[in-house]
Amino acid sequence: MNLALIVALPLAGWLLNALGAGRLSRRAAGLIGVGSVGLAFAASLAAVQRPEVASGWRVVLWEWIAAGDFRLSFGLLLDRLSAVMVLVVTGVGFLIHVYSAGYMGGDPAYSRYFAYLNLFIASMLVLVLGDTLLALFVGWELVGLCSYLLIGFWFDRPSAAAAGRKAFVVNRIGDAAFLLGMIFLALSAGTLEFSRLAEAAGTLAPAALTVITLLLFAGATGKSAQLPLYTWLPDAMEGPTPVSALIHAATMVTAGVYMIARLHPLFTEAALTPTVVAVVGAATALFAATIALVQWDLKRVLAYSTISQLGYMFLAMGVLAMPAGMFHLTTHAFFKALLFLAAGSVMHAMGGVIDMRRLGGLARPLRWTTWGFLIGALALAGVPPLAGFFSKDLILERSFEAARGGPLLAVWLLGLLTAFVTAVYITRAAVLTFGSGESHGHPHEAPPLMRWPIAVLAVLSVAGGALGAYAAGRPLLVSLEGFFELEAHEPAAAPALWLRLITPAAGLLGIAVGYALYRGRRAPRLGWLGTVFEQHWGLAPLYDRVIVGGAKRIGQDLADVIELRVIDGAVNGLAAAVAAAGGAARRLQTGYVRTYAAVLLAGTVLLLGYWLLR
Amino acid sequence: MPAAADLRMLGPEMLVAGTALLVLVWATFLPPQRQHLLRWISAAALAAALAVVLRLGTGAASAFSGMYARDGLTVVLQSAALLGALLALALAGAYVERSHLDAGEFYALLLAAALGAMVMAGSRDLIMVFLGLETLSIPLYVLAAFARTDLRSQEAGMKYFLLGAFSTTFFLYGIALIYGVTGSTALARLAGSPGGPMLRAGVGLLLVGLAFKAALVPFHAWSPDVYEGAPLPVTAYMSVIAKIGAFAALLRIFPGTLTALAGEWRGILAVLSILTMVLGNLAALRQTSLKRLLAYSSIAHAGFILIGVAAGSGRGAWAVAFYLLGYTFMTLGAFAVALRVTRGGEEADAIADLTGLASRSPALAAAMAVFMVSLAGLPPTVGFVGKLYVFTAALEAGQNALAIVGVLASVVSAYYYLRVAYTMFTGEPAAGIAFAGDRWLGGALLAAAVGVLVLGVFPSPLTVFVQQVAQALR
Amino acid sequence: MSGAAEVILFGAAALGALAGGVGIIASRAPVRSALSLLLVLACLAVLYLLLAAQFIAVLQVIIYAGAIVVLFVFVIMLLHARSGEASPTKLPHQRPAGLVLAAAFLALLAAVVALPGGPAAAPVGQEFGTAQAVGRMLFTTYVLPFELASMVLIVGIVAAVVLGRGPR
Amino acid sequence: MRAFPLLSILIFLPLAGAVVVALLDRRREAAVRWTALAGALLALAAALVVFWRFAPGTAALQLEEHTLWIPAAGIGYHLGVDGISLPLVLLTAVIMPLALLSSWSAVGDRIKEFSVAMLALETALLGTFLSLDLVLFYVFWDAVLIPMYFIIGVWGGPRRAYAAFKFILYTAAGSALMLVAIIVLFLSSGAAGARTFDWAVLADSPVAMPLQAWLFGAFALAFAIKVPVFPLHTWLPDAHTEAPTPGSVVLAAVLLKMGTYGFLRFLLPLFPEATVRFAPLMAGLAVAGILYGGIVSWAQRDMKRLVAMSSVSHLGFVTLGAFALTVEGLQGSLLQMVNHGISTGGLFLLVGVLYDRTHSRLMADYGGVAALMPRFAAVSLIVVLSSMALPGTNGFVGEFLVLLGAFRAAPVYAVLAAGGVILSAVYLLWMVQQVFHGPVAVVQRAKVVELSARELVLFVPLIALIFWIGLFPGTLLSRSEASIQALVERVQRVQVEVRR
Amino acid sequence: MTVPAVWYLALSAVLFTMGAAGVLVRRNALVVFMSIELMLNAVNLSFVAFARQAGALEGQVTVFFVMVIAAVEVVVGLAIIIAIFRSRETVDIDNVDLLRG
């Protein structure tokens, strides 16, 4: 039951912290919170070593739902795919827990924070380790819950509460589609067990398969903040920064990618879906990157960046370069977490200020932070030999190959363009935050508890590329290619050199442009283009006014007019009519004997008349 | 000359009639403070008569040259009449003595009316029915006007009398026409008659007379005014005894005799029933006087009871009998509560006078709630069982519209009955409200409440009892 | 009695009865109504004789004409009863409605009663309708209703006593 | 040998408690309250004995009691429990003590009468779920109305009279025609003398079709109003809003289930052909209710009204599951009945806790409550999540099965109903945000104090059930499986015939 | 019997209807009451005519009972009218309208 232990540890941490809220000392709470995840990481490390993992180590815990033909147990599955995720989740998770212990040091709701965070880890592990799609969905929704709770952690701020709610609701939209897809799948394939889906995939009708996968992908667009359901993620930055790092960059938002990887037998078989995934991914990548160009909130820059990078991952999944997608997922977890932690460090130093117009010149006082941020930024920009370079390069390479000169080449072009924009906006952020200008106030460097995780992540961001670098033997990719049952990409089929160079070139060009543009705190607005970006290419007003406003108005109209006037009005109208009839019946009773006699005689005439004449 | 067996068969009637005379005479010799003895005697006589009725049982389908019968119908409906009279007597005593009404005459008239209803139950000849009807009605006219210095009581008496006499002429004309066709007033002859327009007209006119007594729409107009104006215990008594007598005769004449014409009169009775249910319930909706509310309620219930007659079957007939017995309990119970509550020594007639009754007397309010629930036909009360029976009868006879209108009318009735219950359980009691009545009233109240509930939960014995009615019709 | 005489007698009595009927409902003064009623009763007594109902005819004169009408006249005098109809009516539609209803009712009755082909009158003996014959029936077949009628009479007495008492 | 009348004892234990309470001195409030609670707890114990004695794996009726009640009219006293009624009996027995406990703060006057009404209500409810004779069923069904009417009308809010009358007249109007249909069933059950009101006999030989459709309509109307199915729901928000907390709890948790129970117990087995014919209509109304209820909930300002409207949406799922006519759908429907009882009952308890403190139900009067009552906020969140059908809680399993079953029947239902999944998050989280989040905005801040121990006791069993059913729904599903399976087989047999 | 029974019956019907009209049209309670007596007499005529037609005495016996009842009704009715007159000083039945609705 070693496997269940991985989930049980953070779950226990959650229970202790939740029930002990208000009674546990700050120290105990932190120790439980951090310790449980640390132990889970250790357990994960031990577990992935097990030989069973290669063929899938499955532990069935109990029969969960059984109704009619539908029978499903609840169990965990550790294979080469989930191994990657488990390590990322518990590993990065652990680092961020450590960081949090410092970052949240002054918060009164310390226990609650760790309770939520532990619950998140547990939920994420359920998502990752679940042996059925339904179990994955359990984790899927639970991480959404944790996200809601943590975004709205400072619930006394109306903006935070609203952001949490928005995140949950937007996710729910995707989840509803996911749920339908899952149900469709369960009914057509007869199972939701991953181990049996592979064989079932071939038996499904092509149309059904397409619909199922599209519905599931719709779910992924919610969770992973892709077009059109991306809006919640920028708002999610209302949460504490470590949360943004952990949930809204490194782990939860990648669940969509993981889900597609998990269901690769279906997605690879489906006719239309991969193309849709690739296009949506590529479009989102560029779309979000352009918006990141015009943000002033450092965390929002990173948020849009995350959306954009997730787009890359979907692009990879769409072109069926699944190992590449997972690789980027991993490296992104490192460098984006790093960027967020660094940003958190800035906030910590500046007393919560995150608007880049009020930042600047922090390179000197915040030495660790600056280094961390720069490494992360370079990795993000795809500068070799940092981790981001390898994964992003691989994705673009694969997408170019997959296009085979066809129309899908547009996807590759979008990706390439995004690489350039990415470099521009991250350079802008770095320059505005750390570069020129005077620092305001008296910023001080973060305590060691926050510094060390930054350092570790910086190292991973630098060296993480080794997981997929040819030079290092590509251990991750080999493992995953085995898992996806793809023939290994031998160096023999090495892509053309120009293809390998064009990505870093785009990145470097972007850095140069960015530096040129934003050096010296000039902040060009990019003209009309900037306005377009700020308005999310026109989507923002559509969402706010037309969809949300419209729905609210319809709701109000239904409640005030249809409900009260029409439906209830009919009921009350009937009652009023009966009451009026009652009044009329009373008026018949005039009080005059002669009227009564006349009524009596009339009744007699009618009765006899009817009887005799009928 | 009547045989001795015939006379023995008349035991209950003679007991009641004799006691009426005894009470009348004795009252003149009794000092005022001992007038309550009259009540004891009357009650004892009614109880004894009830016992004799049950003891005699059925077994004389024809006596007095075929004028009279002691069959299932007689037994069951005479029991109902005696029970109603007994309860009404218990309700009336304290009121009569408090209001200084003439006790001897009051009880004598009460007994006479009971006698009338009993005779109507047993009659197998239209002359007997007519005389029974008058024996029932004339005392009621007098009782309605009994508080003779009270304007409203006078008015009630006059309206009742004039309209009653008016309707009686129609009834008589009906007898005349039937006599013209069959050459006889005996129901047995009527049963075998071939029909024809004159017979139809005769039966139709009979129906008018009986419908007036039972207060069926459109022959009901007298009843709200009379109920409201008559002294409260009289209203209570009237509301049950007149119905028992009228329905006894309706059963005797329609499903009991005119079986050959059933196809014709069932539809007509169904229409009357629907009109009665609808109008009675609608007019009751917006009443503010409790007596008037109960008047319309009694009209409405007449409509429900008529369903059983309109079914034209044995099942319908016993359902009528069951309903009448249940109705006796619940209506007299409701009146008992009304008698309990007084305002400044007078009848507390407004529904609003019951406001907050539950905080003054929870038991009284609970009892009233039971009666109201039963009148509304909700389980677990006798009112529900009665409705179940009549609706079953209607549906069995294919009178679907009757059953559907009936259930919907019941729903409407729930509004005004429950409004009374609601009033009692909310608000603060009004000033000047006091409780009146003696142990007799309390006993009657308890008996009615227990009756309503017990018969609602264990209706089986009573059901078996009333099924005798069906046997009588066969 | 010859047939023609019977017809003439019937015609006269019938016309008298109808005239009396009109008099009852049309006279302004109640006393005239009462006298008109007396006329009707007398005419009916004649008709009863024609119909071989001597006993009933006698009763008609004694009870109705002798007792009831006298009672009415007595009460009218006692109450100095004005017609009571001087004030404007509160029910303006009552009169037309009443007449229409009455007409409709009469039409129905006529349709029923005036059907030709009723059985021819049965021959009856001398005994028919005498006090003895009716009395015998009253005390045999109709003994029960007879006794009951006495009960009703007692109720009538009680009513008179109760209602006639003055205010206490 | 007569078997031990366990079910009768279960049904009438609360009534016995009511009698005992009625005999107590009204001034001894504590004694009244404890006695009433003891009565309800005894019933719970009896229900647990039933649960323990219940043999899963068979569709047969168990612990049957079958004697004559009114033999002269063909009416029997037939009780029995199967997989369909068992969960609802348990639900009733669990909710009643909680409702009584909540009345300790929510009801301050005429406590004795209130307790009597509640216990009488419990008897009527248990009787409704356990009766297998149609008249007996109807007696209990209608008897439910009376105590509930008083509970709303006497102890309710400012518009209680309106709400109470609307409640009783609307629902009584619905059941009126059912009575007619019951009688018609009786009359068509055989020749005179051999007729019966017995459910088991009637279910064995359904009446022929045109008549069956009419009878179906009459029954369906009664049940649909009780559920309530859109658009027959407008009595519900008023009744809920005006009822005192315990009344709302019982109303939501148990009373509404009478209607959906009726679908399963009576509509499907007694009128299989008509069910098949009209299932699309019912499912369509259910879906309309899911969406409509969800949207309208969102626009509410009053918390109780919001929860009430949300019931329309949730019970739409129950109805949808029932008329999916698949095992999954029906199992989900049944489970969702229990779930709704727990979660919506819980929601009303939560609103009651707030109402006890500030006497306001308007969300605008709150804000930042989470800061003042953190434990309460946590409890609320769990209940809300259960209501939103978050995986891991009870609601998810039910909703999932319903959607699964509905999808199997016709995907369009499931697709539309999935909109309800979204809407529930919209309106519930909206409420949470308004009430709990933001800066502290309650007026009488001092009164908004953390849950007392008694109040906490209210929620502990609910939360335990939320998670237990969420994780181990087999406890209930396995017991209802056989009965539902039998039911579906019966209906599907007809479905095949109709298609042919 | 030369005059057919139908004539008597027709006369009876006319008289009955006259009485009914009188009840509806007249406001004086005494006259109304007299109209009712007229109706009773009309019925009696029918009874006697039928009795003659059928050659059966029951009709005449019935008339006897009707007369008894009529007498009692007169007593009761006049007593009530007198009581009303005592307190209201009117015999106009349209003025007796306290109770309505």
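When reading the values below, keep in mind they use all heavy atoms of this one structure, side chains included, and skip hydrogens, waters and symmetry mates. By convention in this document, chain letters (A, B, ...) are assigned in the order of the sequence lines, proteins followed by strands, and residues within each chain are numbered from 1.
Proximity to chain B involves both the backbone and the side chain of E/Ser12, based on heavy atoms less than 4.5 angstrom apart. Using a 4.5 Å cut-off between heavy atoms, E/Ala70 does not touch chain B at all. Using a 4.5 Å cut-off between heavy atoms, E/Leu24 contacts chain B through its side chain alone, with no backbone atom that close. Of the atoms belonging to B/Arg292, it is side-chain heavy atoms, and not backbone ones, that fall under 4.5 Å from chain E. In this structure, chain B has heavy atoms under 4.5 Å from both the backbone and the side chain of E/Val96.
Between chain E and the residues B/Ala165, B/Gly157, B/Ala145, the most heavy-atom pairs under 4.5 angstrom are made by B/Ala165. When the candidates B/Leu151, B/Ile138, B/Thr168 are compared by the number of heavy-atom contacts under 4.5 Å with chain E, B/Leu151 comes out ahead. Most heavy-atom pairs under 4.5 Å with chain E: of the set B/Ser137, B/Ala176, B/Gly164, B/Ala221, this distinction falls to B/Ala176. Most heavy-atom pairs under 4.5 Å with chain E: of the set B/Leu126, B/Val226, B/Ile175, B/Val181, this distinction falls to B/Ile175. The choice from E/Ala42, E/Ala51, E/Ala79 that makes the most heavy-atom pairs within less than 4.5 Å of chain B is E/Ala51. Per-residue heavy-atom pair counts under 4.5 Å with chain E were compared for B/Phe130, B/Tyr296, B/Tyr141, B/Tyr173, and the maximum is reached by B/Tyr173. Interface summary for chain E: among B/Thr185, B/Val142, B/Leu131, the most heavy-atom pairs under 4.5 angstrom belong to B/Leu131. For the options E/Ile80, E/Val72, E/Val68, heavy-atom pairs under 4.5 Å to chain B are most numerous at E/Ile80.
Here CG of E/Leu9 is found 8.0 Å from CG of B/Leu177. Values are rounded to the nearest 0.5 Å. For the atom pair B/Met158 CE and E/Phe33 CZ, the distance stands at 11.5 Å (nearest 0.5 Å). Annotation: the span from E/Ile84 atom CD1 to B/Lys159 atom NZ amounts to 9.5 Å, rounded to 0.5 Å. Atoms CE and CG, on E/Met39 and B/Leu172 in that order, are 10.0 Å from each other to the nearest 0.5 Å.
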Intermediate values then yes/no, side-chain contact (heavy atoms from CB on, under 4.5 Å), E/Thr62 and B/Tyr179: CA-CA 10 Å; E/Thr62 308; B/Tyr179 173 67; 5.9 Å; no
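Across every non-hydrogen atom of B/Phe161 and E/Glu73, the tightest pair is CZ-O, 3.3 Å. Between B/Gln154 and E/Arg88, the shortest heavy-atom distance links the atoms OE1-NE, 4.2 Å.
Proximity of a side-chain donor or acceptor of B/Glu134 to a complementary backbone N or O of E/Ile69 within less than 3.5 Å is not detected.
Between E/Phe16 and B/Phe170, the ring-plane angle classifies as perpendicular under the 30° and 60° cut-offs.
With respect to B/Glu155, the side-chain contact (heavy atoms from CB on, under 4.5 Å) criterion is satisfied by exactly one of E/Ile93, E/Leu99, E/Asn95: E/Leu99.
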